[in-house]
Amino acid sequence: EHDSDDDSYEVLDLTEYARRHHWWNRLFGRSSGPVVEKYSVATQIVMGGVTGWCAGFLFQKVGKLAATAVGGGFLLLQIASHSGYVQVDWKRVEKDVNKAKKQLKKRANKAAPEINTLMEESTEFIKQNIVVSSGFVGGFLLGLAS
């Protein structure tokens, strides 16, 4: 009698269910798939390249701005210190930096599982969208160089 009860249950494969029921299927109908898959390889590379170039270009500009701000702030602090306007307690700064390092190490050890999960998901996304991803990387590097 117990075996007959097991036969009445239907096994649901969640991975197959998820493949067939994407969020865009609910929004746009069953015939629609990922937008990128509808385009040729050349179009996918161009789309990835253009978005990568834009991201690289912005990353370069923001990076230069951040480096200028940090360097300029440090330079102004040094000038003010040498001129006598500001006195910096370097021993206290060193103590606070060491304390911050210890806290960061503790938090990094706790955050490691989430980071590993994010890395695995990112790797899987890149594998599934290798054409667009390779175009993005190439465009990103060109954006950094321009």
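Scope of the values below: all heavy atoms of this structure, side chains included, with no hydrogens, waters or symmetry mates. By convention here, the first residue in the shown sequence is residue 1.
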Please table the atom pairs, donor to acceptor, closer than 3.5 Å between any side-chain atom in residues 66-89 and protein atoms at least two apart or in another chain.
unit_1, atom_1, unit_2, atom_2, d
T68, OG1, K64, O, 2.7
S83, OG, I79, O, 2.9

Pair up each side-chain donor or acceptor in residues 131-146 with any protein partner under 3.5 Å, not counting sequence neighbours, and list the distances.
unit_1, atom_1, unit_2, atom_2, d
S133, OG, N129, O, 2.7
S134, OG, I130, O, 3.0
S134, OG, V131, O, 2.9
S146, OG, W53, NE1, 3.3
S146, OG, L142, O, 3.3
S146, OG, G143, O, 3.2

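Counting heavy atoms from C-beta on, the side chains of N98 and E94 come closer than 4.5 Å.
Summarising the geometry, atom NZ belonging to K101 is positioned 15.0 Å from atom NZ belonging to K106; distances are rounded to the nearest 0.5 Å. For the atom pair CD of Q60 and CG of L58, the computed distance is 9.5 Å after rounding to the nearest 0.5 Å.
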